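All values derive from a computational prediction rather than experimental measurement.
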Amino acid sequence: MATPHVTTTPSTKQKYVGRLDTPAGVRLELARLYTECRRGQEDTRTGYTLALMLGQLLKAMETSELADRLEALEAGAAQHTPPHLRRLG
């Protein structure tokens with residue numbers, strides 16, 4: 001009995017990619033990618049590579065958000081510091 005031919009070339013059909021500008025959007029894209037890999041609709045090597053990229057994107061978002069929050073905290077603390085102590089810093 002002959003085995004069915006399975007192609008490993010990328011599909012010419014464009015895949016939908018959700019919005020990746022929020023952590024929730026990246027999470028949804030990771031879930032979609034995981035589902036496609038589990039169903040055999042996406043090559044696991046490609047899925048692994050894309051998941052790593054999505055993880056880096058998420059990490060960059062978290063770092064940027066933390067930097068913004070720290071800057072806001074520091075600005076608020078500077079406003080509440082007495083003038084004679086501001087000169088010391």
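Residues satisfying the side-chain hydrogen bond (donor to acceptor under 3.5 Å, both in side chains) criterion with E36, sequence neighbours excluded, are K15, R32. For D68, there are no side-chain hydrogen bond (donor to acceptor under 3.5 Å, both in side chains) partners two or more places apart in sequence or in a different chain.
In terms of hydrophobic clustering, with Ile, Leu, Val, Met, Phe, Trp and Tyr side chains grouped at heavy-atom distances under 4.5 Å, V26 and V17 are assigned to a common cluster.
With L30 as the partner, the side-chain contact (heavy atoms from CB on, under 4.5 Å) test is satisfied by one option alone out of L54, T35, L50: L54.
The two residues G47 and C37 have their closest heavy-atom pair at CA-SG, 3.7 Å. In plain terms, the two heavy atoms of M61 and D21 that are nearest each other are CE-C, 3.6 Å. Across every non-hydrogen atom of A51 and L33, the tightest pair is N-CD2, 3.6 Å.
At distances below 3.5 Å, not a single donor-acceptor pair connects side-chain atoms of S64 with backbone N or O atoms of A60.
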- Item | Evaluation steps, side-chain contact (heavy atoms from CB on, under 4.5 Å), between Q56 and L52 | CA-CA 6 Å; Q56 290 299 312; L52 286 177; 5.8 Å; no
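With rounding to the nearest 0.5 Å, the separation of CZ in R19 from CG in L28 is 12.0 Å. Between atom CG of residue L20 and atom CE of residue M53 there is a gap of 11.5 Å, rounded to the nearest 0.5 Å.
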